[in-house]
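Order of appearance sets the numbers: ligands from 1, and atoms from 1 within every ligand. Residue numbers run from 1 in the order of the sequence given. When reading the values below, keep in mind they use all heavy atoms of this one structure, side chains included, and skip hydrogens, waters and symmetry mates.
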Amino acid sequence: MANALLVIDMQNDFCPGGALAVAEGDRIVPGINALMATSDIVILTQDWHPAGHSSFASSHPGAEPMSLVQMPYGPQVLWPDHCIQGSIGAAFHPDLAQDRADLILRKGYNPAIDSYSAFFENDHSTPTGLEGYLHSRGITGLTLVGLATDFCVNYSAVDAARLGFKVEVRTDLCRGIDLDGSLAASLAGMAEVGVDVR
Ligand code: VGL
Ligand code: ZN
């Protein structure tokens with residue numbers, strides 16, 4: 001029985017000055033570094049989109065960033081171009097102690113499907129392989145931190161809880177986007193499926 005720290009998307013594009021900046025996104029880096037130093041197992045996720053990704057508003061003529069469209073797999077928020085593979089924006093925040101990571105799990109590389117969750121793409125069925133990795137290593141508990149509380153942290157935490165992991169979200173080490181009340185909704189939704197939101 002082991003616990004792993006799962007650090008979600010601590011990348012330049014989600015920090016102030018980035019393409020999809022989350023307010024105060026950079027402020028949580030020191031606390032995350034401190035938690036990484038005392039965690040046995042550290043996993044980082046990295047949002048990693050090809051140019052022209054279907055989640056980008058720029059891929060949908062006439063669509064505004066932050067608007068909603070229907071995709072074959074359900075509703076999808078259209079984002080500004082962000083975390084393009086190999087770009088500075090996709091790199092981790094320069095102060096993040098990324099050398100502590102055992103695994104860097106990339107997601108969002110499928111051009112046709114977004115992937116908020118570290119476990120499944122937004123079709124809720126295409127796996128990233130993280131579940132198998134955790135099982136192989138005997139990991140049964142997860143502590144989640146990072147960006148953004150209401151999107152990638154939320155989807156990852158909910159999937160993890162549904163998969164049977166014991167899940168804790170450290171809200172002091174997360175920051176949210178809060179699109180139309182999405183922050184409060186995500187906190188309630190996580191608690192509902194048994195995530196320890198603290
Ligand atoms: C995220 C929107 C788009 C996140 C990633 O990390 O929460 N949000 N891509
Ligand atoms: Zn993304």
Side-chain angles (χ1 to χ4, degrees), residues 5-29 32 43-60 63-69 71 73-93 96 98 104-124 126 128 130 142 144-160 167 169-171 173-187 189-190 195 197:
L5 176 62
L6 186 56
V7 181
I8 303 290
D9 298 1
M10 278 310 307
Q11 296 164 257
N12 289 322
D13 269 342
F14 298 122
C15 291
L20 181 36
V22 180
E24 298 187 352
D26 54 338
R27 295 245 204 123
I28 59 178
V29 172
I32 291 176
I43 299 164
L44 307 180
T45 67
Q46 191 171 26
D47 208 37
W48 197 249
H49 300 305
H53 192 259
S54 58
S55 76
F56 296 168
S58 62
S59 303
H60 302 257
E64 289 295 324
M66 315 311 250
S67 64
L68 208 60
V69 288
M71 294 291 218
Y73 54 81
Q76 169 71 47
V77 178
L78 294 179
W79 304 105
D81 290 22
H82 66 280
C83 295
I84 292 175
Q85 298 171 356
S87 67
I88 300 284
F92 291 109
H93 186 286
L96 186 73
Q98 57 173 292
I104 296 174
L105 190 280
R106 289 174 170 165
K107 60 181 181 63
Y109 42 73
N110 183 342
I113 312 181
D114 204 359
S115 189
Y116 296 150
S117 168
F119 292 92
F120 297 101
E121 295 186 344
N122 284 9
D123 60 3
H124 301 293
T126 307
T128 63
L130 182 59
L142 291 171
L144 275 76
V145 298
L147 304 170
T149 318
D150 38 353
F151 288 91
C152 291
V153 173
N154 171 32
Y155 278 67
S156 299
V158 167
D159 280 349
V167 187
V169 170
R170 284 277 303 268
T171 53
L173 297 177
C174 295
R175 290 294 185 274
I177 295 172
D178 204 12
L179 202 61
D180 299 326
S182 60
L183 188 53
S186 72
L187 296 174
M190 287 189 280
V195 175
V197 181

Provide the number and element of each atom of ligand 1 under 4.0 Å from a heavy atom of C152.
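Checking each atom against C152, I get 1 (C), 4 (C), 5 (C), 6 (O), 7 (O).
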
With a 4.0 Å cut-off on heavy atoms, is Q11 in contact with ligand 1?
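No, Q11 has no heavy atom closer than 4.0 Å to ligand 1.
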
Do you see an N/O/S atom of [X], backbone or side chain, under 2.8 Å from the Zn ion (ligand 2)?
X	result
H53	no
H82	yes
D47	yes

Geometry only, no angles: is [X] polar-contacting ligand 1 at N/O separations under 3.5 Å?
X	result
I177	no
D9	yes
D47	yes
A148	yes
H82	yes

Which is it for D150 and ligand 1 at heavy atoms under 4.0 Å: side chain, backbone, both or neither?
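None of D150 does.
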
For atom CG of L68, is the number of surrounding heavy atoms from other residues, nucleotides or ligands below 6.0 Å larger than 12?
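Enclosed.
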
Give me the one residue out of I43, V145, L173 that meets side chain to side chain contact (heavy atoms under 4.5 Å, CB included) with L5.
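Checked I43, V145, L173 against L5; only one passes side chain to side chain contact (heavy atoms under 4.5 Å, CB included): V145.
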
What protein heavy atom sits nearest atom 8 (N) of ligand 1, and how far off is it?
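It is F151 CB, 3.9 Å.
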
Would you say the side chains of D150 and S182 form a donor-acceptor pair under 3.5 Å?
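S182 and D150 do have a side-chain donor-acceptor pair below 3.5 Å.
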
Could you tell me if E121 and Y109 have a donor-acceptor pair between their side chains, going purely by distance under 3.5 Å?
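Looking only at side-chain atoms, E121 and Y109 do not form any donor-acceptor pair under 3.5 Å.
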
Can you give me the closest heavy-atom contact between L144 and A157, atom names plus distance?
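Shortest heavy-atom separation between L144 and A157 comes out as CD2-N, 3.6 Å.
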
Between F151 and Y155, how do the two ring planes meet: parallel, tilted or perpendicular, split at 30° and 60°?
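Correct class here is parallel.
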
Which value, rounded to the nearest 0.5 Å, describes the distance between N122 atom CG and K107 atom NZ?
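That separation rounds to 8.5 Å.
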
F14 ring center near H82 ring center (under 6.0 Å)
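Yes: the rings meet the under 6.0 Å criterion.
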
